[in-house]
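All remarks here apply to the structure that follows.
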Amino acid sequence: MFDSVGWGEILVLVVAGLFILGPERLPSAAAWLGKTIRQVRDYATGAQTKLRDELGPEFDELRKPLEDLRGLRNFNPRTAVRRTLFEDDPDPLGINALRSNGSNGSAGTGGTAPATPPAAKPVERLAPDERPPIDPDAT
């Protein structure tokens with residue numbers, strides 16, 4: 001419920017309460033607030049327990065849509081599409097297959113991927129004090 005409230009906001013509320021209520025009434029107001037929150041939490045827990053006892057297994061059916069709504073809180077469109085389209089395939093893009101056979105995923109003229117990866121160009125390293133080349137068209 002208060003996941004987004006940080007220590008800065010709590011400090012601002014305490015300072016505002018100190019100015020509004022004054023130092024005499026602030027401790028009693030904080031105690032009253034704590035008792036009230038505890039009482040509301042106990043009422044909610046009691047109501048949930050009573051519903052679970054009365055409804056039995058139907059209570060879990062009522063909770064399922066609420067759990068689905070909670071899942072939407074962490075909604076990520078990319079994950080949703082991947083889960084919907086590729087639910088059964090743990091590697092939908094074939095990345096592990098590409099890494100194992102060195103293929104780029106495109107079929108050649110024979111319809112099969114080459115068994116060996118193409119030879120990579122060697123990387124030229126710069127000397128310790130050498131500056132990298134600058135491409136004026138790219139900047």
Side-chain angles (χ1 to χ4, degrees):
M1 183 170 144
F2 294 109
D3 294 336
S4 63
V5 178
W7 289 106
E9 288 89 358
I10 292 173
L11 181 65
V12 168
L13 289 174
V14 169
V15 170
L18 185 63
F19 281 118
I20 293 171
L21 297 175
E24 312 84 41
R25 292 185 283 175
L26 187 62
S28 62
W32 174 84
L33 182 64
K35 266 194 268 183
T36 304
I37 289 175
R38 197 173 308 117
Q39 191 174 20
V40 167
R41 189 179 300 151
D42 290 342
Y43 287 150
T45 304
Q48 183 179 10
T49 305
K50 192 172 185 178
L51 274 173
R52 183 175 285 138
D53 291 342
E54 288 181 8
L55 293 177
E58 295 173 359
F59 183 75
D60 293 331
E61 292 176 15
L62 290 174
R63 288 184 57 92
K64 176 132 177 62
L66 293 175
E67 293 298 324
D68 293 342
L69 286 175
R70 272 198 197 114
L72 289 177
R73 184 181 301 167
N74 298 329
F75 181 72
N76 182 352
R78 179 179 292 166
T79 305
V81 168
R82 185 178 299 140
R83 185 177 40 218
T84 302
L85 295 177
F86 307 111
E87 195 167 70
D88 298 331
D89 191 3
D91 187 21
L93 300 176
I95 292 174
N96 291 332
L98 291 176
R99 288 182 184 151
S100 65
N101 69 7
S103 168
N104 64 359
S106 63
T109 56
T112 60
T116 59
K121 293 192 295 185
V123 177
E124 296 178 18
R125 301 280 179 195
L126 296 177
D129 294 330
E130 185 180 4
R131 299 182 95 184
I134 296 175
D135 185 6
D137 295 333
T139 56

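We count residues from 1, following the sequence as given. FYI, side chains are in, hydrogens and waters are out, and symmetry mates aren't considered; it's all heavy atoms of this structure.
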Partners passing side chain to side chain contact (heavy atoms under 4.5 Å, CB included) against Leu13 (at least two apart in sequence or in another chain):
none
With sequence neighbours left out, write down each residue that passes side chain to side chain contact (heavy atoms under 4.5 Å, CB included) with Leu126, or none if nothing qualifies.
Glu130, Pro132
Indicate, with yes or no, if Val14 and Leu18 share a hydrophobic cluster defined by side-chain heavy-atom contacts under 4.5 Å among Ile, Leu, Val, Met, Phe, Trp and Tyr.
no
Determine all donor-acceptor pairs shorter than 3.5 Å in which one atom belongs to a side chain in residues 43-54; sequence neighbours excluded.
| from | atom 1 | to | atom 2 | distance (Å) |
| --- | --- | --- | --- | --- |
| Tyr43 | OH | Gln39 | NE2 | 3.0 |
| Thr45 | OG1 | Arg41 | O | 2.9 |
| Thr49 | OG1 | Thr45 | O | 2.9 |

Pairs meeting criterion side chain to side chain donor-acceptor pair (under 3.5 Å) with involvement of residues 23-36, two or more places apart:
none
